[in-house]
Amino acid sequence: MVPRIHKRGKRTIGLLCYLYGPGKFEEHTDPHLVASWDHCAPDPGRDDTATLKQLQQLLDQPVENVDQAERPKRHVWHLSVRNGPDDRILTDEEWGDVARRMVAAAGIDGPEEGAGCRWAAVRHADDHIHIVATLVREDGYRPDLNNDANRVQTEARALEAELGIRRLNKGDGTAAKRPTSAERHKAERQGRERTAREELRETVRRAVAGATGEAEFFDRLAAAGLLIRKRVAPSGDLLGYKVALPDDRNKDDEPVFYPGARLAPDLSLPRIRERWSADHPDPAPSTDTPGRATPDNPSAARRRTASAAWAAITIVEDGDDAVAAAHIAATGEVLDALAKTSAAHTRRELRDAAFEFERASRSHIRAERGRDRALRQAARDLVRGGPALGRGEDGATTAMAIDMLVFLITAAMHWHAQKGHVQQAEAARQAAEHLRAAYQAAAAHPLGTLYQRGRRLGGPLVQRQTSVLREALPELAEQILAEPGWYALAATLADAEAAGHDPASLLADAAGRRELGTADSVADVLVWRLRRTADLPADTSDTANDVHAAERSPHPAAQRTPGRPGPRRG
C-alpha cells in the first residue's frame, strides 16, 4: 500500500472535476465516494441530484468562514492511496476504513478530537482511492501537518498487516525521490523505458563513478549529451548544478532541469565533493605500468576490480560501520562503471544491477570517505580502460569481476539486514540476482573453454590433479569431483603448476579465504579464485579449435537455470 501526499492546491473544484472525470492517464471507472467527514456528504458519482459544486461548497465552507488574511494560500490537501497489482481488491467498506485511518494519522480529522477538517474519499478504480481535504477546521484552526507523510506511511504498514495485503518495506528517508505519476505517464507517452528523472540519475551516477574532480565530472555529463546549468556565487564559486535531457520539455517547450539533490541525496555537489576531497588517486594508468588499466587493456581494470571487491568483503563484514558504509557506497560506483563499459550481452543485467543497488548505497550511517580508495580507483580504471569486447581476456575477466562483486554485494545485503535497513537489504538482493544473470552470460564462454581443455588432459595429468585436490581439500574433494566444473578446475590447476606454483598450497589457500559450503559450484568459484590469485590468464582460448569446441559443447554451468548460474553464498 503506497500513500502519496500530492502538492497542495488552491481550487477544490478543480481536483474534484479530475477525480470524478474520465481521467487523463488512466480510465476512471464508476467514480464515487467511499467515505467523508460526516458520513453523509453528497456523492455526484452515484446521486443524480448531487453536483460537484455542492460537494466543493461543503468542503470549502470552513475556509470561507475565516478572514481572508487567515486563510492558507493553498488550502487543498490531496492524498492518494494505491495497492499493488498483486494485492486483492478491497471493498468500498474497506477503502472507506483506509480513508478514515489515513486522515486520522495525518492529523486532518481525528475522531477523538471532535470536529476536524472536512474531507472526502473518492474511488474511481479497483486499486486506489483519492482523499481531498480542506485545511481549515470548523472551529477556524488549521491542523498541524508536520511529518504527515511519515505518519501516513506508518499507518499504511499497519493496514497492510491487518488487510492481508503485501507488506512493503519501511523506508528511512534516505531513498531518492520517486518519480511522480505525471513523470511516469509522460515517459509512457514518449516511449521511454524510464522517467527523465531516473535516466538523469543513472547518467549522473555514471559520470561520478571514478571521477577525480569537477572538471572531469562536468565533461562526462556534457559527453553524455545532458544540458547543464551551474549555480555560481557572486564570488565565482560553484554552488550547485542542474541537468536536463535535451528532449524532455515542458508545455512551453523548455528543458526540464533537475538539481542533483533532487535526483538523489548523494548527488548534490557538496556530497559529490566529499568523495573527491578524500581521494588520493593512483597515478594515471600507462602502458608502462604492469597490471594497470590502459585504454586498450580493459582486462587489467577488471582484474583490479575483482581484487578490490574481494578485499572489501572482509571490511564490510567485520569493519567499522562508517568504513563499511563507505565501501558499500563505492561498490555502487564500481557497478556503474562496469555497466558503462560492459559488452552488449551483459549490459542490460549489469545496468539493472547498478540501478537496483543505488538504493543500497545509502543509509543513515554516514560513510567515512577515504578508506574506500581501492574501490573508487577500480571504478576509475574501469572507465579509463574502456569498453570490453565481451570475448577473450576482457570477457573472461568480466566474469571474474562479476563473480567477486556478487560476494561483495551479498555481504552488503547481510550488513544492511543486521542494521535493520530493510529497503537497502532488499535492493542489494535484487542487484545480486541481476549480477548472477550477467555472470551466466559472461562466464559461459571462458568456462566452456576451460571445461574442454580439462576433458582433453591426459589420464596421468588428470590423476595428478585429482591427487592434488584430495590432498588440499579432503573434505570437499568428492563433491568437487562430481561437479561438471571439475574439468575446468583441473585445467586451472595444470596451468598453475606450469606457471611454477604449488597447486596444492594454492588450492588450500583459495579455499580457506572464504566459506564454500553455500556455493552452487565449488569448482567454479575455485577456478576464478585461483586464476586471480595466481595471475593466470582468465581466457585460455589459445587456439581456434579450443574456441570452436567450447562453442559446440559449452560448460554445463552455462545451461543452469537463469539467475542461478554459479558459485554463490547464501
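All values below were derived from every heavy atom in this structure, side-chain atoms included, with hydrogens, water molecules and symmetry-related copies excluded. Bear in mind the structure is a predicted one, so any value in this text is a computation, not a measurement.
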Within the 3.5 Å criterion, strictly below it, is a donor on Asn250 or Asp252 matched to an acceptor on the partner's side chain?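 On atom types as modelled, these side chains do not qualify, holding no pair under 3.5 Å.
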
Less than 3.5 Å apart, any donor N or O on the side chain of Trp119 or Asp109 sitting next to an acceptor on the other?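 There is such a pair between these side chains.
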
Any [X] side-chain heavy atom under 4.5 Å of [Y] side chain:
X      : Y      : result
Leu263 : Val243 : yes
Thr305 : Val334 : yes
Pro265 : Arg362 : yes
Arg359 : Gln423 : yes
Tyr439 : Val406 : no
Met413 : Thr410 : yes
Leu338 : Ile402 : yes
Val132 : His78  : no

Under a 4.0 Å N-O cut-off, is there an ion pair linking [X] with [Y]?
X      : Y      : answer
Glu199 : Arg192 : yes
Arg348 : Asp352 : yes
Arg436 : Glu433 : yes
Arg71  : Asp60  : no
Glu216 : Arg380 : no
Glu214 : Lys230 : no
Lys186 : Asp248 : yes
Lys177 : Glu183 : no

Go through the steps to decide whether Glu198 and Arg201 satisfy the test salt bridge (charged side-chain N to carboxylate O under 4.0 Å, His left out), and finish with yes or no. CA-CA 5 Å; Glu198 291 169 320; Arg201 182 185 305 142; 5.1 Å; no

For the side chain of [X] and the backbone of [Y], is there at least one donor-acceptor N/O pair under 3.5 Å apart?
X      : Y      : result
Glu155 : Met102 : no
Asn150 : Asn147 : no
Asp87  : Arg166 : yes
Arg184 : Pro179 : yes
Arg151 : Thr154 : no
Arg197 : Arg262 : yes
Arg8   : Arg74  : no

For a side-chain contact (heavy atoms from CB on, under 4.5 Å) check, start with the C-alpha distance between Met1 and Val81, then their side-chain angles and the critical distance, and finish with the verdict. CA-CA 7 Å; Met1 179 175 287; Val81 187; 3.5 Å; yes

In chain order, what residues pass the side chain to side chain contact (heavy atoms under 4.5 Å, CB included) check against [X], with sequence neighbours excluded?
X      : value
Gln57  : Lys53
Pro72  : His75, Val136, Arg142
Gln418 : none

Can you give me the closest heavy-atom contact between [X] and [Y], atom names plus distance?
X      : Y      : value
Ala309 : Met404 : CB-CB, 4.1 Å
Ala360 : Ile328 : O-CG2, 3.4 Å
Pro42  : Leu55  : O-CD1, 3.8 Å
Leu227 : Pro246 : CD1-CA, 4.0 Å
Val152 : Ile5   : CG2-CD1, 4.3 Å

Just checking Arg167: does its CZ atom have more than 12 heavy atoms from other residues, nucleotides or ligands closer to it than 6.0 angstrom?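 Incorrect, the count does not exceed 12.
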
Determine whether more than 12 heavy atoms belonging to other residues, nucleotides or ligands lie under 6.0 Å from atom CZ of Arg271.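 Yes - once you tally the heavy atoms of other residues, nucleotides and ligands closer than 6.0 Å, there are more than 12.
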
Partners of Ser80 by side chain to side chain donor-acceptor pair (under 3.5 Å), sequence neighbours excluded?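 Once residues adjacent in sequence are excluded, the partners of Ser80 under the side chain to side chain donor-acceptor pair (under 3.5 Å) criterion are His6.
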
Going by side chain to side chain contact (heavy atoms under 4.5 Å, CB included), Leu79 matches just one of Ile108, Val103, Ile131, Asp148. Which one?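 So, applying the side chain to side chain contact (heavy atoms under 4.5 Å, CB included) to Leu79 and each of Ile108, Val103, Ile131, Asp148, only Ile131 qualifies.
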
For the side chain to side chain contact (heavy atoms under 4.5 Å, CB included) test, which of Gln61, Arg118, Gln56 pairs with Thr134?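 The residue from Gln61, Arg118, Gln56 that satisfies side chain to side chain contact (heavy atoms under 4.5 Å, CB included) with Thr134 turns out to be Arg118.
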
Starting from the C-alpha separation in whole Å, work towards a yes-or-no answer on side-chain contact (heavy atoms from CB on, under 4.5 Å) for Leu375 and His327. CA-CA 7 Å; Leu375 283 174; His327 279 75; 3.9 Å; yes

Listed partners of Glu202 passing salt bridge (Lys or Arg N to Asp or Glu O under 4.0 Å), at least two apart: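 In terms of salt bridge (Lys or Arg N to Asp or Glu O under 4.0 Å), with neighbours along the sequence ignored, Glu202 is linked to Arg194, Arg206, Arg351.
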
Would you please classify the geometry between the His124 ring and the His28 ring as parallel, tilted or perpendicular, with 30° and 60° separating the classes?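 His28 and His124: parallel rings.
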
Restricting to pairs with a member in residues 30-45, which pass salt bridge (charged side-chain N to carboxylate O under 4.0 Å, His left out), not counting sequence neighbours?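 Of all non-adjacent pairs touching residues 30-45, those that pass salt bridge (charged side-chain N to carboxylate O under 4.0 Å, His left out) are Asp30-Arg46.
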
Full working for side-chain contact (heavy atoms from CB on, under 4.5 Å) between His32 and Arg123: CA-CA 6 Å; His32 59 280; Arg123 181 181 188 180; 4.3 Å; yes

Check against side-chain contact (heavy atoms from CB on, under 4.5 Å), Leu435 and Phe357: CA-CA 11 Å; Leu435 277 185; Phe357 194 75; over 6 Å; no

